[in-house]
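Here is the structure we will look at.
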Amino acid sequence: MASTKPKFNLGGLARRLIHDQLLTEDEAAECFEKALKAKVTFVSYLVENKILNALDIAASASHEFGVPLFDLDIIDPESFQTGLVEEKLIRKHHAMPIFKRGNRVFLAVSDPTNHQGLDEIKFHTGLSTEAVLVEEDKLAKTIESALEANDNVMSELLDADLDNLEFQDEEEQNKDDQGASGADDAPVVRFVNKILLDAINSGVSDIHFEPFEKTYRIRYRSDGMLHEIATPPANMSSRLSARLKVMSRLDIAEKRVPQDGRMKMVLSKNRAIDFRVNSCPTLYGEKIVLRILDPTNAQVGIEALGFDPQQRDTFEAAIKKPYGMILVTGPTGSGKTVSLYTALNKLNEPHINISTAEDPVEIQVTGINQVNVNPKTGLTFAEALRAFLRQDPDIVMVGEIRDLETAEIAVKAAQTGHLVLSTLHTNDAPQTLSRLANMGIPPFNIASSVNLIMAQRLGRRLCEHCKKPADLPKEALLEEGFTEEDLKEKFTIYQPVGCDLCTRGYKGRVGIFQVMPVSEEMKRVIMEEGDAMQLADIAQTEGVADLRKSGLGKVKAGITSLEELNRVTKE
């Protein structure tokens, strides 16, 4: 029987290991193939899978290729020049820049035959490269610890480092204009970078730069509330505006009309933060607002949204239906987009075609076809929706139903075998059905297309470390909406206090929902052109908790306070 021939033309280090009888030719070929599939280097595969000892490999390589063998343990970690080479190249080629001398960078490698990697690093850095042979296990550990330290530094930047934050233009993905924004105005550069970095580390959603006659104010929106965080001199107004506008590729010379732009801050190989930027001329200069679009904020599971068990079951059952319409309603900033993307993430499978039209796309998700609508060029929600329906969709998400044309196409899509998700601006779920009718959608089409309507608000969570029980009389609780039945249960209502770990007694937010499936009785009332009050009565009869009742459940559970509930659900 003929022996199995290796599938690969083995050479270099592999051939030396075979010569030294550390591996057979078949073993080397098999390991080489598996390393390719695992997308790791040949040496990494051998060491990680304990096929060979790292020191034995290094000794063979040193003897074969005449490259000196160094012990990484005796090299000062602070001498590592990680900033010279992009992190993706360090990981891709398993090459660690340990020091630089003149125009040469010395790279610690475990396979000195990786000439392609050395050449690619040479091309990107513009420096000559020289290999220094080290043991694979020590190299892997050193790369991880050095790059992890680099990521940690981002959260503890000193003022002197703030010049070096990396920003990328959304389209060109480069920073050629970075210096033009203020190389001659370094204090402004550092100040703006610090404001942006502090905002990301604090988890805020928006940053407001606001000029007034004699003052200038910067505010963060955290957990839905604005807080003043800095008051730089008023004479910095134009310099701050210019810096922000250059970073987001806006026209610096144009100060008479509002402008929209975007920019990206690169924090590490795994994390980049997009900012949506808008400038608006005011009496005393341009107010600039940055919306922080952090993808990690939207990658939450359904269990983290804040549903009651019954609401969650109802919502999951609706998104699993093959066709029909799901509408999410609430004011701006109530978390509608996160709820929709939570559903889309759950539905995002290779065999499902999902398309979204948004203004603008705030959360970028791999596997979903996302379109930025642009009314100036004629790409409206309605046009995008028409295009989707010609592209064999399974699920369609429309950022917002604003007009009759969009509503009609969305309804038609829901009736012809597609699952349609969208948002509207109404106060509660029953009013949404009336709103569609007022827009001009025939009652029959509403009844036959809408499966579920979900109204929502975002309330601040009480800080678990400092909240304290609130002593409220029975009469006050009844007035707030609790029933006599509720008061027979044992529960504690808490109030905010405030500590070093929270903001005025609150930390994070939780969703408050009204999840209303459209029942047969509701469809009958819709067909009879009934009003929102009739639909609300049916929903209550069918056990659908309205926003207030759902919020009271969060208060009973100690998640939020009555004060906060009144703020977000007051009528």
Determine whether Thr380 and Asp403 satisfy the following criterion, side chain to side chain contact (heavy atoms under 4.5 Å, CB included), listing intermediate values before the conclusion. CA-CA 11 Å; Thr380 61; Asp403 52 52; over 6 Å; no
Within a 6.0 Å radius of atom NE2 on His465, are there more than 12 heavy atoms belonging to other residues, nucleotides or ligands? no
Salt-bridge present (Lys255, Glu286; N to O < 4.0 Å): no
Return the CD1 to CE distance between Ile446 and Met325, rounded to the nearest 0.5 Å. 9.5 Å
I'd like to check Ile218 versus His208 (side-chain heavy atoms, cut-off strictly below 4.5 Å). Are they in contact? no
Test item: Asn278 side-chain N/O and Gln259 main-chain N/O as donor-acceptor pair under 3.5 Å: yes
I'd like to know if the side chain of His425 reaches the main chain of Gly330, judged simply by a donor and an acceptor atom lying under 3.5 Å from each other, with no hydrogens or angles considered. yes
Is the number of heavy atoms from other residues, nucleotides or ligands under 6.0 Å of Asp471 CG greater than 12? no
Any non-hydrogen side-chain atom of Leu487 less than 4.5 Å from a side-chain atom of Leu478? yes
Measuring from Tyr220:OH to Ile195:CD1, what's the distance to the nearest 0.5 Å? 4.5 Å
For the pair Thr377 (side chain) and Asn374 (backbone), establish whether a donor and an acceptor sit closer than 3.5 Å, ignoring hydrogens and angles. yes
Before you tell me yes or no, could you show the steps for Lys287 and Ser279 under side chain to side chain contact (heavy atoms under 4.5 Å, CB included), namely the whole-Å CA-CA distance, both residues' side-chain angles and the distance that decides it to 0.1 Å? CA-CA 6 Å; Lys287 173 174 178 175; Ser279 70; over 6 Å; no
Would you name the heavy atoms of Asn427 and Ala455 that are closest together and state the gap between them? O-CB, 4.5 Å
Can you tell me how far OG of Ser205 sits from CE of Met225, rounded to the nearest 0.5 angstrom? 12.0 Å
Under a plain distance cut-off of 3.5 Å, with no hydrogens placed, do Glu400 and Ser422 share a side-chain donor-acceptor pair? no
Determine, stepwise, if the pair Tyr494 / Val555 fulfils side chain to side chain contact (heavy atoms under 4.5 Å, CB included). CA-CA 8 Å; Tyr494 291 90; Val555 173; over 6 Å; no
Under 4.5 Å between any side-chain heavy atoms of Asn193 and Met247, yes or no? yes
Looking at Tyr506, is Arg460 sitting on its ring face, NZ or CZ under 6.0 Å from the six-membered ring centre and within 45 degrees of the normal? yes
Under 3.5 Å, is there a donor-acceptor pair between the side chain of Ser434 and the main chain of Ala532? yes
Check this for me: does any side-chain nitrogen of one of Arg461 and Glu564 sit under 4.0 Å from a carboxylate oxygen of the other? no
Using distance alone, with no hydrogens and no angle criterion, decide if Asp486 and Thr483 have a side-chain donor and acceptor under 3.5 Å apart. yes
Verify whether one side chain among Arg548 and Asn566 offers a donor that lies under 3.5 Å from an acceptor in the other. yes
How long is the straight-line distance from CG of Leu89 back to NZ of Lys92, given to the nearest 0.5 Å? 7.0 Å
Is a side-chain donor or acceptor of Gln431 paired with a backbone partner of Asp428 at a separation under 3.5 angstrom? no
Decide side chain to side chain contact (heavy atoms under 4.5 Å, CB included) for Ile441 and Leu404; before the verdict, give the C-alpha distance in whole Å, the side-chain angles of both, and the deciding distance to 0.1 Å. CA-CA 7 Å; Ile441 302 296; Leu404 175 59; 3.7 Å; yes
Lys554 and Gly306: which non-hydrogen atoms are nearest, and at how many Å? NZ-O, 2.8 Å
Are any side-chain N or O atoms of Thr406 and backbone N or O atoms of Arg402, one a donor and one an acceptor, separated by less than 3.5 Å? no
Rounded to the nearest 0.5 Å, how far does OG1 of Thr560 lie from NZ of Lys467? 9.5 Å
Between Asp198 and Lys194, is the closest basic N to carboxylate O distance under 4.0 Å? yes
Would you say the side chain of Ile273 lies within less than 4.5 Å of the side chain of Leu293, judging by non-hydrogen atoms? no
Taken to the nearest 0.5 Å, the spacing of Ile90 CD1 from Ile143 CD1 works out to 7.0 Å
In short, Ile252 meets Ala242 closest at the heavy-atom pair CG2-CB, 4.2 Å
Return yes if some donor-acceptor pair links the side-chain N/O of Gln514 with the main-chain N/O of Ala429 below 3.5 Å, else return no. yes
Would you say the side-chain atoms of Asn348 pair up with the backbone N or O of Thr366, donor to acceptor, closer than 3.5 Å? yes
Locate the shortest heavy-atom distance separating Gln311 from Val515; write the atom from each residue and the value. CB-CG2, 3.7 Å
Answer yes or no: is there an ion pair linking Glu228 with Arg219, defined by an N-O contact shorter than 4.0 Å? no
Quick check: do Leu196 and Met265 have side-chain heavy atoms less than 4.5 Å from each other? yes
Minimum heavy-atom distance between Leu458 and Gly333, given as atom pair plus value: CD1-O, 3.7 Å
Just to verify, what does Phe381 make a ring-ring contact (aromatic ring centres under 6.0 Å, His included) with, not counting sequence neighbours? none
Are there over 12 heavy-atom neighbours, none belonging to Phe491, within less than 6.0 Å of that residue's CZ? yes
Taking Ser334 for its side chain and Pro331 for its backbone only, find out whether a donor-acceptor pair lies under 3.5 Å. yes
Evaluate the side-chain proximity of Asn369 to Ile354: yes if any heavy-atom separation is below 4.5 Å, no if none is. no
Pair Glu358, Thr356: side-chain N/O donor-acceptor within cut-off below 3.5 Å: yes
If we ignore hydrogens and angles and just use 3.5 Å, is the side chain of Ser550 paired with the main-chain N or O of Asp546 as donor and acceptor? no
Side chains of Thr329 and Thr426, donor plus acceptor under 3.5 Å: yes
Do you know the tightest heavy-atom contact between Gln456 and Ser339? OE1-OG, 2.7 Å
Is there a side-chain contact between Arg262 and Phe275, using heavy atoms and a 4.5 Å cut-off? no
Ionic contact status for Glu405 with Arg386, cut-off 4.0 Å: yes
Any side-chain heavy-atom pair from Pro496 and Leu462 closer than 4.5 angstrom? yes
